[in-house]
Amino acid sequence: MRLGERQHYWLRVASFEVAWLDCSSKYTIWLQREQREEKLMRAIVWVFCFVILAVGTCKATAAQWSIAAGGNGHWYEAIPIPEGITWPDSKAVAEQSGGYLATITSEAENDFVFSLVKDRPEFWQQYGPWVNGPWLGGYQDLNDPSYSEPLGGWKWVSGESWSYTNWMAGEPSGIGQQYLAFCGYGLIASTWDDNGTPDSLSDRGCIIEWDPEPPMVVITDPTSTATLATALPTIDLKGTVTQVTAGTALSWTNNRGGSGTCVGLAPWTALGIQLYVGENVITVTATDPAGPLVTDSVTVFYDPDIEMIYSNDFESTVGGEWSKVLTDVTPVGGRRFLGQFQYGTVSLDLANLPYHDSVALAIDLFLISTWDGSGARNSGGFIVGPDVWKLSTGDGATLLETTFSNWHELLLQAQAFPDSYHAGHHRGRTGAAENNTLGYQYSGHPIDSIYHLSFVVPHSADNVRFNFTCLNVPQVGDEQSWGIDNVKVMLLPPPPTPATIGQAKALPAGSRASVGDVVVTANGLDPGTVFVESTDRSSGIKLLTTQTVEVGDRVILIGVVERVNGEYQLTDVAFTEKIGGEPLLPVGVTTRAIGNDPTEFLSYMGINTTGLLVRLAGKVTGKSTLEGLIYVDDGFGYQDGVFPTRGIRVHLPSGITLPSTGTRVVVTGICRVQAFTLPDYREVNGDWYPPGTVVYVPSVWVRDSRDIRVL
């Protein structure tokens, strides 16, 4: 709830009722205790009057006592309560905001803290010759063994040593005066007084202290939540970092492999991060010479077979899958989104889902106007918030329950996000991807934010429900609202079958297989191809992939089993691990071993398996300059039926001069197979086949000029 123009507001809080009366720039609160037993007692009216400027015109007063200026790096904020506040209430306000009442351990600190209020009369009130100022974090512990009047038992709320003091002349002076405040005799001064009982309202504000904020790295895009799912093999991250000092640097690492530096600081980017199938934990780390390491991480689930089943940017009609179909258009940019909403739940229901293992959700959350965070007394003295937003599934799982604040300049009005409610305390707008870009205003000031949120949830049912809920207690005249845009729902497939290369070839076409511990033997013989073989040299296979690996890398991969033109291959391959290694030496074979019976050749066992790296020697019996190939026969006399001469087809890369017929060569290359349809009766390995017969022709594909040697 916010105060603005002349309006009536009603708010029920516990057993009190608050009435906001008509006024322009000032407001009066009347707190009326409910009548417990109408026949036994009269109404007791508590008048507890606060006068503040409208929140829309408030300015943050937080100031840092910087280390460069000889300070401790802590932040301090003076909070005025012109009608008075008790010391216990001030302590509660400070702790609720993540800080504590200011503690003073040196003359320099006393001077700095006093400078925040010395020229601000709203903090001071005169009682006789005494001019009372704001509360500080000192108190007299009446239960401490050292307690005695007037000097015994004094402590700081922070637990720091009670050493430095700056008592006003004649103070401390009395029994029952057990709380510390600034006080002057006849004038505003930086001296102290023991002032007040637990119910005393004699002081008009307090000063809150926060420990220095460490640098904070935040990933904001494509998500500022903990998980993300993608079917793309690379990802771009963006974010911000606070408390930047000279020498601050940002870097990223992927726990599956890979690292790099980020570009920029506030904002920063890390582009083209390679992903491995499955879970990738990407951590962004900030370092500077004077401070600790600080990090932010996102877990990215990558699988090329992730299926998008729902996407909506709300630019057209909203379907019946939504429980509410209200849409709005932003004042700036003309973005249509689902909303605006204030309180209650909006649900998305999707049915008849394909078989899957997990479901992923991504949304843009629009937060409009006066979101107040986790609930605290603002700089005008009012308790505002908590403003809680929740996302859950239909089966009761909570994906996010947190608070947001659009008041990033006010330390008091902090939010829990990116942590859950009650678990985090961060400046407003932490993790926001956009700020004040939608065109919404409050009291003439822009006030909106956008968060990119994403979640991955184990799920296998054929339907799913997502509930988007604002948990704020409804109040008449509340300004804050919310909406969602760019909703995407994706399904993650079940885990692939673990297999060796040989076992993968035995799976039905279309099966997803995870093939482990194989070695890259060739890269790029065809566009987008890689060849690998098992470390025991029993089998090899062709891969189709958009990712890059180097010859010699040991890899673990996921792909879909296919057989094209008689050649087994794994398509849509993504590498789940890449481990540096050394290239395998070729296996020495004969043309007979490569070119025996076609059905045996295509089996997944033995040396005659496509994809293996082999070496053979023999005489060049023929060549085709047009096709860039030669035939090599080691004396076995194999004939494939495609070329009139005998020997094994050897394909050479472009740019290599073909050796002359009759010369002897040693050739290293990848075993492959090609399908041909015979145009007439042909001899294939000693047998004759009629026209139209499809024959699978063995071949060796040379990787580069180093793989062929003329003897």
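- Figure legend: cation-pi geometry between Arg427 and Trp210 absent, as NZ or CZ is not positioned both under 6.0 Å from the six-membered ring centre and within 45° of its axis.
- Looking at residues two or more places apart in sequence or on another chain, you find a ring pair (Phe, Tyr, Trp, His ring centres under 6.0 Å) between Trp389 and Trp482.
- When all heavy atoms of Val573 and Thr545 are compared, the closest pair comes out as O-OG1, 2.8 Å.
- Rounded to the nearest 0.5 Å, atoms CD (Gln274) and CD1 (Ile235) are 13.0 Å apart.
- Not a single donor-acceptor pair under 3.5 Å links the side chain of Lys578 to the backbone N or O of Arg256.
- Under the 4.0 Å criterion applied to side-chain N and carboxylate O atoms, Glu434 and Arg335 are assigned as salt-bridge partners.
- Outside the 6.0 Å centre-distance limit, the rings of Phe337 and Phe314 are not counted as a close aromatic pair.
- Shown here for Asn406 and Leu367, the closest heavy-atom pair between the two residues is ND2-O, 3.4 Å.
- Interatomic distance, OG1 of Thr220 versus CD1 of Ile450, reported as 11.5 Å (0.5 Å rounding).
- Taking all atoms of both residues into account, the shortest heavy-atom contact from Asp357 to Pro494 is CB-CA, 3.6 Å.
- Note: Tyr451 and Phe417 meet the aromatic proximity criterion, with ring centroids under 6.0 Å apart.
- Between Thr240 atom OG1 and Asp221 atom CG the span is 11.5 Å, to the nearest 0.5 Å.
- When all heavy atoms are compared, the tightest approach of Gly99 to Ile208 is CA-CG2, 4.4 Å.
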**OP:** Report the C-alpha separation of Asp485 and Asp313 in whole Å, then their side-chain angles, then the decisive distance to 0.1 Å, and conclude whether the side chain to side chain contact (heavy atoms under 4.5 Å, CB included) test is met.
**Re:** CA-CA 6 Å; Asp485 197 8; Asp313 61 5; 4.2 Å; yes

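- What you find for Thr253 and Ser259 is that their closest heavy atoms are CG2-CB, 3.9 Å.
- For the 3.5 Å distance criterion, the side chains of Gln415 and Ser405 fail to qualify, holding no donor opposite an acceptor.
- Residue pairs meeting the side-chain hydrogen bond (donor to acceptor under 3.5 Å, both in side chains) criterion with at least one member in residues 227-238: none, sequence neighbours excluded.
- Here the CG-CD1 distance, from Asn254 to Ile282, works out to 5.0 Å after rounding to the nearest 0.5 Å.
- Gln547 and Tyr276 form no side-chain donor-acceptor contact under 3.5 Å, judged by distance and modelled atom types alone.
- Between Arg512 and Asp303 a salt bridge is recorded (basic side-chain N to carboxylate O distance below 4.0 Å).
- For the side-chain contact (heavy atoms from CB on, under 4.5 Å) test, residues two or more places apart in sequence or in another chain that qualify with Thr285 are Ser251, Thr283, Thr287, Leu293, Thr295.
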**OP:** Give the C-alpha distance, both sets of side-chain angles, the deciding distance and a yes or no for side chain to side chain contact (heavy atoms under 4.5 Å, CB included) between Cys262 and Trp252.
**Re:** CA-CA 7 Å; Cys262 303; Trp252 64 267; 4.2 Å; yes

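- Around the CG atom of Asp395, the shell of radius 6.0 Å holds more than 12 heavy atoms that belong to other residues, nucleotides or ligands.
- Between the side chain of Thr223 and the main chain of Ser454, a donor-acceptor pair closer than 3.5 Å is present.
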